[in-house]
Enquirer: 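This is the structure, below, for whatever I ask next.
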Amino acid sequence: MAGFPDYNTQIEENAEVNAWIRFGLRLGVSAALHPFEYSKTLIQLGYEPIAARPGKSMLGKPIMKLPNIFQYAGHIRQIDGFYGCYRGLAPKLVGSVVALVVSERVADKLGLDKPDEIKDDLDLSEEEMYVQFKTTLKRDIVLMVSGIVASQPFHVISVRMMAQFVGRETLYTSILGSVAEIWKTEGIAGFFAGIVPKLLCDVACLVLSSSTVYILNKYLIKDKLGRQYNAGFTQFAISSLLYPLQVVSTCCVVSGSRLMAGQPPIMPAYNNWVDCWNDLQVRGEIKRGSSLFWRSQPLSVPIVPTSFAPLPKLARYQ
């Protein structure tokens with residue numbers, strides 16, 4: 001009827017609004033948890049400003065305890081204040097928005113429209129289940145790859161802003177100033193530092209977790225509740241398995257920059273991400289930061305109190 005909006009158009013508009021609301025909520029949660037992400041980034045870079053202290057594991061074994069994520073974030077706040085805990089947040093949020101917009105447009109250009117409805121696997125035949133799995137995975141891969149590539153420059157800026165805590169530099173204070181610094185010192189390649197291990201990690205995690213969930217749901221798990229738990233557990237297990245690639249990516253983002261955190265003796269000069277992987281693996285630091293609450297280092301590592309000013313010692317830890 002004339003004068004009434006098209007029903008399907010209204011549904012699409014409402015769905016788009018709801019998607020943006022959910023995205024806004026995710027950004028809010030990400031912003032609130034940024035101090036812990038900040039701390040984790042510094043841990044991945046190998047920076048330990050607080051000396052390990054003697055303690056015991058849950059089994060009573062003597063260990064050297066390192067500060068947990070809350071103590072680490074507290075140290076950052078003690079040095080830089082409350083707002084200092086949010087260093088690097090602005091480019092991180094901008095990168096998230098850019099990734100969403102660009103990835104959706106790329107998917108639309110390739111004709112990978114979002115499915116009108118994702119049906120429960122229990123309501124589908126085996127053939128329909130496979131078609132839905134294949135279609136969804138293909139779109140998700142395109143969204144992920146295009147989003148990572150588009151947002152990587154902002155990710156680089158964000159990580160380097162946080163890495164300045166190590167050497168107290170002020171090279172990366174704003175997005176525009178950071179763009180000028182990277183362009184001047186490294187050229188366009190600097191905006192995509194660390195992108196290869198990041199792509200490998202995220203795409204492999206998506207493909208392996210989606211495929212594993214599909215196979216388990218098809219042949220083993222038949223109840224709805226079990227499938228919900230299966231998806232969450234599988235994604236967690238595979239992301240933990242691929243975690244070393246996150247550490248390598250973070251180190252490669254900073255390596256080669258003018259920041260103290262990316263220069264010897266704190267960080268060796270890496271030729272590529274494989275070189276970084278091999279070095280971290282040899283030193284037993286390929287999974288540093290994987291444990292955020294119960295962190296320790298071997299007793300064989302000397303106890304060196306690291307204050308704010310001196311160069312931090314690299315040590316094996318989790």
Side-chain angles (χ1 to χ4, degrees), residues 15-31 33-34 37-38 40-41 44 86-115 135-163 172-210 235 239 242 245-257 272-273:
E16 186 174 353
V17 170
N18 291 335
W20 277 102
I21 291 175
R22 290 194 296 270
F23 178 70
L25 291 174
R26 288 200 301 271
L27 286 185
V29 173
S30 178
L33 297 178
H34 183 73
E37 187 69 24
Y38 186 175
K40 183 176 180 179
T41 298
Q44 289 178 338
Y86 292 88
R87 189 196 304 265
L89 176 60
K92 175 183 173 183
L93 297 181
V94 172
S96 297
V97 174
V98 169
L100 175 67
V101 174
V102 171
S103 60
E104 288 289 348
R105 290 191 177 182
V106 170
D108 291 341
K109 288 290 185 181
L110 295 176
L112 301 173
D113 297 329
K114 188 175 183 180
T135 304
T136 303
L137 180 58
K138 183 193 243 182
R139 175 180 166 83
D140 288 345
I141 291 175
V142 170
L143 290 174
M144 177 172 286
V145 172
S146 57
I148 290 175
V149 172
S151 63
Q152 185 66 13
F154 299 98
H155 176 68
V156 171
I157 293 171
S158 177
V159 171
R160 291 188 180 185
M161 281 184 175
M162 292 184 274
Y172 300 87
T173 55
S174 66
I175 294 178
L176 291 179
S178 300
V179 169
E181 164 67 17
I182 295 173
W183 179 263
K184 180 177 65 176
T185 57
E186 300 167 74
I188 193 170
F191 294 103
F192 298 95
I195 193 172
V196 174
K198 183 175 176 62
L199 279 172
L200 286 175
C201 178
D202 291 357
V203 173
C205 183
L206 173 62
V207 173
L208 292 176
S209 58
S210 299
Q235 186 171 11
S239 63
L242 296 172
L245 285 169
Q246 295 183 30
V247 179
V248 172
S249 177
T250 301
C251 291
C252 289
V253 166
V254 179
S255 177
S257 67
N272 50 54
W273 73 270

Enquirer: Is any side-chain heavy atom of Tyr172 closer than 4.5 Å to one of Ser257?
Expert: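 They are in contact (side-chain heavy atoms under 4.5 Å apart), so the answer is yes.
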Enquirer: Tell me the closest heavy-atom pair linking Met161 and Ile175, and the distance in Å.
Expert: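 Result for this residue pair: CE-N, 4.1 Å.
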Enquirer: Would you mind listing every side chain to side chain donor-acceptor pair (under 3.5 Å) that reaches into residues 196-210, with sequence neighbours excluded?
Expert: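 Every candidate side chain to side chain donor-acceptor pair (under 3.5 Å) pair involving residues 196-210 fails, so no pair, neighbours aside, qualifies.
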Enquirer: Under the salt bridge (Lys or Arg N to Asp or Glu O under 4.0 Å) definition, can you give me all pairs with a residue in residues 153-163, not counting sequence neighbours?
Expert: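 Sorted pair list: Arg160-Glu186.
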Enquirer: Verify side-chain contact (heavy atoms from CB on, under 4.5 Å) between Leu27 and Val97, making sure each step is shown before the conclusion.
Expert: CA-CA 9 Å; Leu27 286 185; Val97 174; 4.1 Å; yes
Enquirer: Looking at every non-hydrogen atom in both residues, tell me the closest pair between Leu242 and Cys205 and how far apart they are.
Expert: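 Closest pair (atom of Leu242, atom of Cys205, distance): CD1-N, 3.4 Å.
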Enquirer: How long is the span from the CD1 atom in Ile157 to the CZ atom in Phe154, to the nearest 0.5 Å?
Expert: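 Reported value, rounded in 0.5 Å steps: 6.5 Å.
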Enquirer: Would you say CG of Leu25 has more than 12 non-hydrogen atoms from neighbouring residues, nucleotides or ligands within 6.0 angstrom?
Expert: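 Correct, the count exceeds 12.
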Enquirer: What residues form a salt bridge (charged side-chain N to carboxylate O under 4.0 Å, His left out) with Glu37, not counting sequence neighbours?
Expert: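 Counting only residues at least two positions away or on another chain, Glu37 forms no salt bridge (charged side-chain N to carboxylate O under 4.0 Å, His left out).
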Enquirer: Over all heavy atoms of both residues, which pair between Gly190 and Ile182 is shortest? Give the atoms and the distance, please.
Expert: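 Of all heavy-atom pairs spanning Gly190 and Ile182, the closest is C-CG2, 3.6 Å.
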Enquirer: Has His155 got a side-chain atom pairing as donor or acceptor with Phe192's backbone, closer than 3.5 angstrom?
Expert: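 Such a contact is absent between His155 side chain and Phe192 backbone.
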Enquirer: Name every donor-acceptor pair, under 3.5 Å, that has one atom in a side chain of residues 140-148 and the other anywhere in the protein, sequence neighbours excluded.
Expert:
residue: Ser146; atom: OG; partner: Val142; partner atom: O; Å: 2.6
residue: Ser146; atom: OG; partner: Leu143; partner atom: O; Å: 3.3

Enquirer: Identify, with sequence neighbours excluded, every residue that meets side-chain hydrogen bond (donor to acceptor under 3.5 Å, both in side chains) alongside Ser30.
Expert: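 Partners of Ser30 by the side-chain hydrogen bond (donor to acceptor under 3.5 Å, both in side chains) criterion, ordered by chain and then number, come out as Lys92.
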Enquirer: Indicate every side-chain donor-acceptor pair of residues 245-256 with a distance under 3.5 Å to a residue at least two apart or in another chain.
Expert:
residue: Ser249; atom: OG; partner: Gly194; partner atom: O; Å: 2.8
residue: Thr250; atom: OG1; partner: Gln44; partner atom: OE1; Å: 2.8
residue: Thr250; atom: OG1; partner: Gln246; partner atom: O; Å: 3.0

Enquirer: Taking all atoms of both residues into account, what is the closest heavy-atom pair of Tyr86 and His34, and its distance?
Expert: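 Between these two residues, the closest heavy atoms are CA-CD2, 3.5 Å.
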Enquirer: Which pairs with one or both residues in residues 94-109 pass salt bridge (Lys or Arg N to Asp or Glu O under 4.0 Å), sequence neighbours excluded?
Expert: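 Sorted pair list: Glu104-Arg139.
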Enquirer: In chain order, what residues pass the ring pair (Phe, Tyr, Trp, His ring centres under 6.0 Å) check against Phe191, with sequence neighbours excluded?
Expert: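 Not a single residue meets the ring pair (Phe, Tyr, Trp, His ring centres under 6.0 Å) criterion with Phe191.
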Enquirer: Give the minimum heavy-atom separation between Ala193 and Val156, together with the two atoms involved.
Expert: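 Distance-wise, the nearest heavy atoms are O-CG2, 3.7 Å.
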Enquirer: Leu206 vs Leu137, test: side-chain contact (heavy atoms from CB on, under 4.5 Å). Steps then yes/no.
Expert: CA-CA 8 Å; Leu206 173 62; Leu137 180 58; 4.0 Å; yes
Enquirer: What residues, two or more places apart in sequence or in another chain, satisfy side-chain contact (heavy atoms from CB on, under 4.5 Å) together with Ser174?
Expert: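 Here no residue qualifies.
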Enquirer: So, using side-chain contact (heavy atoms from CB on, under 4.5 Å) as the criterion, who are the partners of Ser151 when residues are at least two apart?
Expert: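 Partners of Ser151 by the side-chain contact (heavy atoms from CB on, under 4.5 Å) criterion, ordered by chain and then number, come out as Ala99.
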